[in-house]
Every structure is written in C-alpha cells, then in structure tokens.
Student: 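One structure follows; several queries about it will come next.
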Amino acid sequence: MYRHTSPVLPEHVSLIGGTLDPTAPGRGEHLTFDRILGRCGEAWMAFLRDLGGFGVEIICPRVEVDYLREVGAGDLVIDVSVLSVGRSSFRLRHELSQHDRPVAGAEVVLVAFDYAAGASVPLTDGQRAALTAHLT
C-alpha cells in the first residue's frame, strides 16, 4: 500500500449556498466531487512516479467512486493499492480518509498507451514487476 497525504485548505472547500448540490449533505461546505477525484489522480501519479518506469504514457479509461461523507479542511489521506495487473492495464484501489474517518473509495483502471499510435501497448516487464510487487 502506498500512502499519499493531500492537504485541504479552507479556501479549497466550497459553500454552495442557494445552488446547493442535491447530493451534498449538510450545508454543502465541502471539497467538490471533481476535486476529490483530482486528489485521487495526484495520489496515483505520485505512486507511479515513486515506482519508477512510468511516464505520461498512462491513460485512465475507467473510474468508479463511492463518496461516503463530506471532505472539509484538513489532511486528506489516500491509500493506494494494486488490485490487478494485466497485459496492458492495471487496477488501483484508493481508500480516502480524513480525521481518521473514511470519506470515499475509488477504483481506477489505468492503461499503458501509445499516443502516436492511438492504442494501448503492453506494460514493460519492469512496470509489470513493480506493480505486481504491490498487489494486495
């Protein structure tokens, strides 16, 4: 498991007020869903950067997120684990918590991609080995 901490400052949270998001509990003062997802992206990019052998040749064709409660100011802790490794793709799980309480969970599929060819490519042996070493 890889742990990434993302500080959420008071100016990062939104008070939605009169146009309150109908899915938001409470007063709507929270980090919006897209910003939470962005923090997941930062976490998986940091994880891949620390593994080594990964660059910009990774795309994300699938994301599934369960939002459990609002995210306010304070450190957002994102634990990243590898669920599976395929020929050209792999799945990561993100467990997000704040103030020692779960706030969201996300799974992403990431694919090795050749932008010039516009197609997926096999993971390198080094990438596959690094990811497999972190399988949970």
Side-chain angles (χ1 to χ4, degrees):
M1 178 180 60
Y2 177 86
R3 178 162 279 181
H4 178 79
T5 302
S6 181
V8 179
L9 303 176
E11 57 266 24
H12 296 158
V13 299
S14 299
L15 179 59
I16 300 174
T19 60
L20 182 63
D21 177 352
T23 64
R27 298 178 296 155
E29 188 173 286
H30 61 278
L31 198 63
T32 57
F33 77 94
D34 56 324
R35 290 183 180 178
I36 293 170
L37 191 53
R39 305 287 175 114
C40 288
E42 292 169 8
W44 83 57
M45 288 187 283
F47 170 63
L48 295 177
R49 188 172 41 251
D50 285 358
L51 281 182
F54 288 90
V56 295
E57 72 283 357
I58 298 294
I59 63 167
C60 178
R62 179 167 170 74
V63 178
E64 184 176 325
V65 184
D66 293 311
Y67 298 99
L68 306 173
R69 60 177 39 98
E70 290 180 310
V71 173
D75 283 345
L76 181 62
V77 177
I78 306 170
D79 291 327
V80 180
S81 55
V82 179
L83 296 177
S84 64
V85 180
R87 185 185 73 78
S88 61
S89 66
F90 53 100
R91 282 187 322 129
L92 301 179
R93 175 77 187 160
H94 299 69
E95 297 291 340
L96 293 79
S97 61
Q98 189 177 53
H99 310 298
D100 297 320
R101 296 176 61 189
V103 295
E107 286 188 18
V108 299
V109 174
L110 299 173
V111 176
F113 196 77
D114 178 338
Y115 283 91
S120 64
V121 295
L123 291 163
T124 67
D125 290 341
Q127 290 170 329
R128 188 174 286 103
L131 290 165
T132 301
H134 288 85
L135 277 171
T136 56

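Excluded from the calculations below are hydrogen atoms, water molecules and symmetry mates; all remaining heavy atoms, backbone and side chain alike, are included. The shown structure was predicted, so the numbers you read here are calculated from the model rather than taken from an experiment.
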Student: Return the CD to CD distance between Gln127 and Glu57, rounded to the nearest 0.5 Å.
Tutor: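 Atom-to-atom, Gln127:CD and Glu57:CD are 5.5 Å apart.
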Student: Mind listing the closest non-hydrogen atom pair of Leu51 and Ala130 along with its distance?
Tutor: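 So the two residues come closest at CD2-O, 4.0 Å.
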Student: Hydrophobic cluster membership, with links at side-chain heavy-atom distances under 4.5 Å among I/L/V/M/F/W/Y: are Val63 and Phe54 in one?
Tutor: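 Yes, it is one cluster - the side chains of Val63 and Phe54 are joined through contacts under 4.5 Å.
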Student: Enter the distance from Ile78:CD1 to Ser97:OG here, rounded to the nearest 0.5 Å.
Tutor: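 One finds 9.0 Å between CD1 of Ile78 and OG of Ser97.
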Student: So, taking the atom named OG in Ser84 and the one named CZ in Arg93, what distance separates them when rounded to the nearest 0.5 Å?
Tutor: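 Answer for the OG-CZ pair, Ser84 versus Arg93, is 13.0 Å.
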Student: Given the rule in the side-chain contact (heavy atoms from CB on, under 4.5 Å) test, do Ile36 and Val65 qualify, once you have shown the distances and angles that lead to the verdict?
Tutor: CA-CA 10 Å; Ile36 293 170; Val65 184; 5.6 Å; no
Student: For residues Leu110 and Ile59, determine if any side-chain heavy atom of one lies less than 4.5 Å from a side-chain heavy atom of the other.
Tutor: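 Leu110 vs Ile59: side chains apart.
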Student: Which residue, Phe90, Phe47, Tyr2, forms the ring pair (Phe, Tyr, Trp, His ring centres under 6.0 Å) with His134?
Tutor: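 Checked Phe90, Phe47, Tyr2 against His134; only one passes ring pair (Phe, Tyr, Trp, His ring centres under 6.0 Å): Phe47.
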Student: Going from OG1 on Thr132 to CG on Leu123, what distance comes out if it is rounded to the nearest 0.5 angstrom?
Tutor: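 Separation between the atoms: 9.0 Å.
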Student: For the hydrophobic clusters of this structure (ILVMFWY residues joined by side-chain heavy atoms under 4.5 Å, transitively), does one cluster hold both Tyr115 and Val121?
Tutor: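 No, no single cluster joins them.
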Student: So, the side chain of Glu95 versus the backbone of Pro102: is there a donor-acceptor pair under 3.5 Å, distance only?
Tutor: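 Not a single qualifying donor-acceptor pair exists.
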Student: If Ile, Leu, Val, Met, Phe, Trp and Tyr residues are connected whenever their side-chain heavy atoms lie under 4.5 Å apart, and connections chain through other members, are Leu131 and Ile58 in the same group?
Tutor: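 Linked, Leu131 and Ile58 end up in one cluster.
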Student: Would you say the side-chain atoms of Glu107 pair up with the backbone N or O of Arg91, donor to acceptor, closer than 3.5 Å?
Tutor: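 Here the side-chain-to-backbone pair does not exist.
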Student: What closest approach, in Å, do Cys60 and Val108 show between heavy atoms, and which atom pair accounts for it?
Tutor: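 For Cys60 versus Val108, the nearest heavy atoms are SG-CB, 4.3 Å.
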Student: Between atom CG of Leu37 and atom OG1 of Thr32, what is the distance when rounded to the nearest 0.5 Å?
Tutor: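 The CG atom of Leu37 sits 10.0 Å away from the OG1 atom of Thr32.
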Student: Could you measure the distance from the CD atom of Glu42 to the CZ atom of Arg49? Nearest 0.5 Å is fine.
Tutor: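 Output value for this atom pair is 9.5 Å.
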Student: Please answer whether the main-chain N or O of Thr5 pairs with a side-chain N or O of Arg39 as donor and acceptor at a distance below 3.5 Å.
Tutor: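 Judged by distance alone, no pair lies under 3.5 Å.
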Student: If every non-hydrogen atom of Pro7 is compared with every non-hydrogen atom of Asp75, which pair is closest and at what distance?
Tutor: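 In terms of heavy atoms, the two residues are closest at CA-OD1, 3.6 Å.
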Student: If you look at every heavy atom in Gly72 and Gln98, which pair is closest and at what distance?
Tutor: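 Distance-wise, the nearest heavy atoms are O-NE2, 2.7 Å.
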Student: If every non-hydrogen atom of Ser89 is compared with every non-hydrogen atom of Val109, which pair is closest and at what distance?
Tutor: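 Of all heavy-atom pairs spanning Ser89 and Val109, the closest is CB-CG1, 4.3 Å.
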Student: Kindly give the heavy-atom pair with the smallest separation between Glu70 and Val103, and that separation in Å.
Tutor: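 Minimum heavy-atom separation between Glu70 and Val103: O-CG1, 4.1 Å.
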Student: Please walk me through it: do Leu96 and Val77 pass side-chain contact (heavy atoms from CB on, under 4.5 Å)?
Tutor: CA-CA 6 Å; Leu96 293 79; Val77 177; over 6 Å; no
Student: Check the hydrophobic clustering (I, L, V, M, F, W, Y; side-chain heavy atoms under 4.5 Å; chains of links allowed) and say if Leu135 and Val80 are grouped together.
Tutor: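 Yes; Val80 is reachable from Leu135 via cluster members.
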Student: For the CG atom on Asp34, are there more than 12 heavy atoms of other groups (residues, nucleotides or ligands in this structure) within a distance under 6.0 Å?
Tutor: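 Atom CG in Asp34 is crowded, with more than 12 foreign heavy atoms closer than 6.0 Å.
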Student: Working note: Trp44 + His94, criterion side-chain contact (heavy atoms from CB on, under 4.5 Å); need CA distance, chi angles, decisive distance, verdict.
Tutor: CA-CA 8 Å; Trp44 83 57; His94 299 69; 3.6 Å; yes
